[in-house]
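Values below: all heavy atoms of this structure, side chains included; hydrogens, waters and symmetry mates excluded. Letters A, B, ... are given to chains in the order of the sequence lines, protein chains preceding strands, and every chain is numbered from 1.
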Amino acid sequence: MNLENRITLAAQSAIEKLYGTLLDTNKIPLQQTRKDQKGDYTIVVFGFSGISKKKPEETAQELGSYLKENEDFITDFDVIKGFLNLIISDDIYISFLIENVNNTDFGRTPINPDDKVVVEYSSPNTNKPLHLGHIRNNLLGFSVSEILKANGKNVKKVNLVNDRGIHICKSMLAWQKWGDSLTPEIANLKGDKLVGNFYVLFDKKYKEEIAELVNQGMEKAIAEKEAPLLKEAQQMLLKWEENDAETRTLWNKMNSWVYAGFDITYKNMGVDFDKICYESETYLLGKKLVMEGLKNGVLFKKENGSIWCDLSEDGLDEKLLLRADGTSVYMTQDLGTAQLRHDDFEAKKMIYVVGNEQNYHFDVLKRVLKHLGKNWYNDIEHLSYGMVELPAGKMKSREGTVVDADELMEEMYSTAKVTTEELGKTENFSNNELNQLYRNVSLSALKYFILKVDPKRQMMFNPSESIDFNGNTGPFIQYTYARIKSILRKASEKNISTNWPETIDEKEKNVIQHLYNFPAILKQAGEQYSPALISNYIFDLVKSYNKFYQEISILKEDDEIKKNFRIKLSQFTAENIKNAMLLLGINVPERM
RNA sequence: GGACCUGUAGCAUAAUUGGAUAGUGCACCUGACUACGGAUCAGGAGGUUGGGGGUUCGAGUCCCUUCAGGUUCACCA
């Protein structure tokens, strides 16, 4: 039984004895005592006044006296207004450490194979390279998957590649027209970058056409629809859906360039997938579902042949599901994808890691599924995260205002190299090891920087200010880990005592209290899909350890029992830092 | 215009889900290495939680109102 339960149970029986009322334990508000107050746990007694018929302060006093008297793990208490602060016996913390120090699965729940969860993330378009927004998506998806695994879920990580649609045709068309048979090899360029350039080129030429049409006296809105280039792209999409051999060959070729490019980026980022799906494989199923829906009368057809879902009863508009020319739209694909995923995995939850700009889309998706009679529509969960904003505003690929993923990681690497050369202890490192370390440190800075922010929040990134390596950062945590490991290397042979101290110092206790909270934090992070909770936890743990480290000697302690205890505490802290950082997809180096 | 989201110190972010004097990091100022690794630690300064009202023992958190920003409402994805 954990400490919180022990306290609430003790309080429950105390209240019954004192006031004759049996309260449910979840009606007893328990929280950790603020750092600036004396005590470990606090019972908030304002709500008990009705039962005790006394002022909150008196109630707290009585309750505190009773608990101190009758519970040996509560050694003292302190009352401030309606707050009853309890002081817990050191024994509890000492034995907690002893019991868990060798538990490498501390806080984790064993995986239950039946508790299946699908996490979809990344989901790039194959017409442009990955940028900072994708980085947030990838890191979140990967980390949330790890967190769910640690909470016992059987997680399948899925990448749904958006490989078809008019936008893909645009870059294909541009390459066909002006590409001059250029390949990534000839251009000496990553495939995704090359294709992205043609997407931008299309947009440029398209805008030129519009300008010309407007010059000739056409209205801008009409010109945007009538521009020959757009018509050509639409033709191409039609040919693609008709399985035209030439179009498909070009499509396959250009997409394979992009995939080769993405693979490099994913590898550098350290994310991976259990399965890669392609929308080109699901849109037909989507079409089928739409036709079924039409037959069953839950959808309707307009005069021009387009098919719609009426969501006015849900307080929304009509939603297009198939165009008049019979080609599918984004929603069509997603219907198919959802069905396929539901059938394939039999998952209890299907989590989509997608930006909050698509909140409406997922709302509609679930409602359409409901209309189609898919009673599992509620298994879909949209993990909606905020946009990454630059000082200049939103990133737009077509306008070139993006922070490229590869370039950003490259810059971080250089910074890590400079910093490590200046401060690191890397004598004896081979070139290979150095390279690994720079990569490790730079990725930790980047990943931590992004994951420490609550996913729901929009976050700010200023490319001209490089990401920090001091303070609340990944490298700071890595440094603490490396320093502990250094101590442990020196301590390994001297560690002989098997006895434990009877009391501990305030600083030691503080570290243990943080460690003690880890399982609860992990659980909460799993419920809220929030890596930020984990990163905040690690930072607080590390700070408390550093305070302890700075003030209390470990290896120079004469008392063997105390020394041994402090080594164990350091060992457990290091292990926990390592495991918690892995939940964020970050590795910690033994030396740096 | 309708719908949804977000406003916390110069910047970036927390707040145990309604609890105590709103924490923390960067940047700024002061101090600590003949030390187990100073990428550290100790201290200082910096706040009307966008504004106004309400609910109650108690509000950054809930309700109303107002201001500012963002997203979305496509035969784009």
Legend entry - A:R489 vs B:G37: side-chain N/O to OP1/OP2 distance below 4.0 Å: no
Inset, instruction - Look at all strands and tell whether A:K425 reaches a base, only sugar-phosphate, or nothing, counting heavy atoms closer than 4.0 Å. - result: base
Inset, instruction - Can you tell me, in whole Å, how much space there is between the C1' of B:U8 and that of B:G60? - result: 7 Å
Legend entry - Sole residue of A:T42, A:D40, A:D78 in side chain to side chain donor-acceptor pair (under 3.5 Å) with A:T33: A:T42
Legend entry - Under 3.5 Å on both distances, the Watson-Crick or G-U partner of B:A20: none
Inset, instruction - Assert yes or no for the condition that the ring centre distance of A:F46 to A:F83 is strictly below 6.0 Å. - result: yes
Inset, instruction - Pull out every residue in residues 159-166 of chain A that has a heavy atom closer than 4.0 Å to any atom of RNA chain B, ordered by number, or say none. - result: A:N162, A:R164, A:I166
Inset, instruction - Would you classify A:E551 as touching base, sugar-phosphate or nothing, given that sugar-phosphate means primed atoms plus P, OP1 and OP2, and contacts are heavy atoms under 4.0 Å? - result: nothing
Legend entry - Pair A:Y278 and A:W251, ring centroids less than 6.0 Å apart: no
Inset, instruction - Compute the ring centroids of A:F469 and A:F476, then answer whether they are less than 6.0 Å apart. - result: no
Legend entry - P gap between B:U6 and B:A22, integer Å: 24 Å
Inset, instruction - Return the set of residues passing side-chain hydrogen bond (donor to acceptor under 3.5 Å, both in side chains) with A:S306 (not counting sequence neighbours), or none when no residue passes. - result: A:N304, A:W308
Inset, instruction - Please name all residues satisfying side-chain hydrogen bond (donor to acceptor under 3.5 Å, both in side chains) with A:D334, sequence neighbours left out, ordered by chain then number. - result: A:H361
Legend entry - Residue list, side chain to side chain contact (heavy atoms under 4.5 Å, CB included) with A:R323, at least two apart or on another chain: A:L237, A:L320, A:D325, A:T327, A:V329
Legend entry - For A:N510, side chain to side chain contact (heavy atoms under 4.5 Å, CB included) partners two or more places apart: A:Q513, A:H514, A:S544
Please write out the pairs of protein N or O atoms and N or O atoms of nucleotides 19-21 of chain B separated by less than 3.5 Å, giving the distance to one decimal.
from	atom 1	to	atom 2	distance (Å)
B:A20	N6	A:T42	OG1	2.8
B:A20	N6	A:N85	OD1	3.2
B:A20	N1	A:N85	OD1	3.3
B:A20	N1	A:N85	ND2	3.3
B:U21	O2'	A:R34	NH2	3.4

Inset, instruction - Sticking with atom C1', work out how far B:C41 lies from B:C33, rounded to a whole angstrom. - result: 11 Å
Legend entry - Residue list, side chain to side chain contact (heavy atoms under 4.5 Å, CB included) with A:D310, at least two apart or on another chain: A:F300, A:S312, A:E318
Inset, instruction - Answer yes if the ring centres of A:F202 and A:Y199 are under 6.0 angstrom apart, and no otherwise. - result: no
Inset, instruction - Tell me what A:A482 touches on the nucleic acid: a base, only sugar-phosphate, or nothing, going by heavy atoms under 4.0 Å. - result: base
Inset, instruction - Considering just the side-chain nitrogens and oxygens of A:Y545, establish if one lies under 4.0 Å of OP1 or OP2 belonging to B:C41. - result: no
Legend entry - Same-atom distance (C1') from B:C4 to B:A42, integer angstrom: 47 Å
Legend entry - Base-pairing mate for B:A59 - Watson-Crick or G-U, with both contacts under 3.5 Å: none
Inset, instruction - Could you measure between the two C1' atoms, the one in B:G2 and the one in B:A14, and give it in whole Å? - result: 34 Å
Legend entry - Closest non-hydrogen atom pair, A:M581 against A:G474: CE-O, 4.1 Å
Inset, instruction - Would you mind pulling out the nucleotide paired to B:U8, Watson-Crick or G-U wobble, both distances under 3.5 Å? - result: none
Inset, instruction - Indicate whether OP1 or OP2 belonging to B:A42 is found under 4.0 Å from a side-chain N or O atom of A:K547. - result: yes
Inset, instruction - Could you tell me whether the phosphate oxygens of B:U71, OP1 or OP2, come under 4.0 Å of any side-chain nitrogen or oxygen in A:N356? - result: no
Inset, instruction - Scan A:I552 against the nucleic acid and name what it touches under 4.0 Å (heavy atoms): base, sugar-phosphate only, or nothing. - result: base
Enumerate, atom names and distances included, each donor-acceptor pair closer than 3.5 Å involving a side-chain atom of residues 415-424 of chain A, sequence neighbours excluded.
from	atom 1	to	atom 2	distance (Å)
A:T415	OG1	A:E411	O	3.0
A:T419	OG1	A:T415	O	2.8
A:T420	OG1	A:A416	O	2.6

Legend entry - Non-neighbouring partners of A:Q550 that pass side-chain hydrogen bond (donor to acceptor under 3.5 Å, both in side chains), sequence neighbours left out: none
Check: protein-nucleotides 9-15 of chain B nitrogen or oxygen pairs below 3.5 Å:
from	atom 1	to	atom 2	distance (Å)
B:U13	OP1	A:M460	N	3.4
B:A14	OP1	A:D454	N	2.5

Legend entry - Non-neighbouring partners of A:K220 that pass side chain to side chain contact (heavy atoms under 4.5 Å, CB included), sequence neighbours left out: A:I210, A:V214, A:E224
Legend entry - Phosphate contact (B:C36 OP1 or OP2) by A:R566 side-chain N/O below 4.0 Å: no
Could you run down the sub-3.5 Å N/O contacts of the protein with nucleotides 29-33 of chain B?
none

Inset, instruction - Find the partner of B:A39: check Watson-Crick (N1-N3 plus N6-O4 or O6-N4) and G-U wobble (N1-O2, O6-N3) distances, both under 3.5 Å, and reply none if neither fits. - result: none
Inset, instruction - With A:R439 as the cation and A:Y413 as the aromatic partner, state whether NZ or CZ is under 6.0 Å from the six-membered ring centre and within 45° of the axis. - result: no
Inset, instruction - May I ask you to verify if any side-chain N or O of A:K35 is less than 4.0 angstrom from the OP1 or OP2 atom of B:U24? - result: no
Inset, instruction - Could you tell me whether A:K563 and A:E560 make a salt bridge, using a distance below 4.0 angstrom between a side-chain N and a carboxylate O? - result: yes
Inset, instruction - Hunt down the Watson-Crick or G-U wobble partner of B:G1, both distances under 3.5 Å, from any strand shown, or write none. - result: B:C73
Legend entry - Euclidean distance for C1', B:G50 against B:C67 (whole angstrom): 7 Å
Inset, instruction - Please work out if A:S49 contacts a base, only the sugar-phosphate, or nothing of the nucleic acid, heavy-atom cut-off 4.0 Å. - result: nothing
Legend entry - B:A39 versus B:G44 - spacing of their C1' atoms, nearest Å: 23 Å
Legend entry - Who pairs with B:C28 - Watson-Crick or G-U, where each distance is under 3.5 Å: B:G44
Legend entry - Nearest-angstrom distance, C1' atom, B:G23 to B:U16: 13 Å
Legend entry - Distance test, side-chain N/O of A:Y360 to OP1/OP2 of B:U72, below 4.0 Å: no
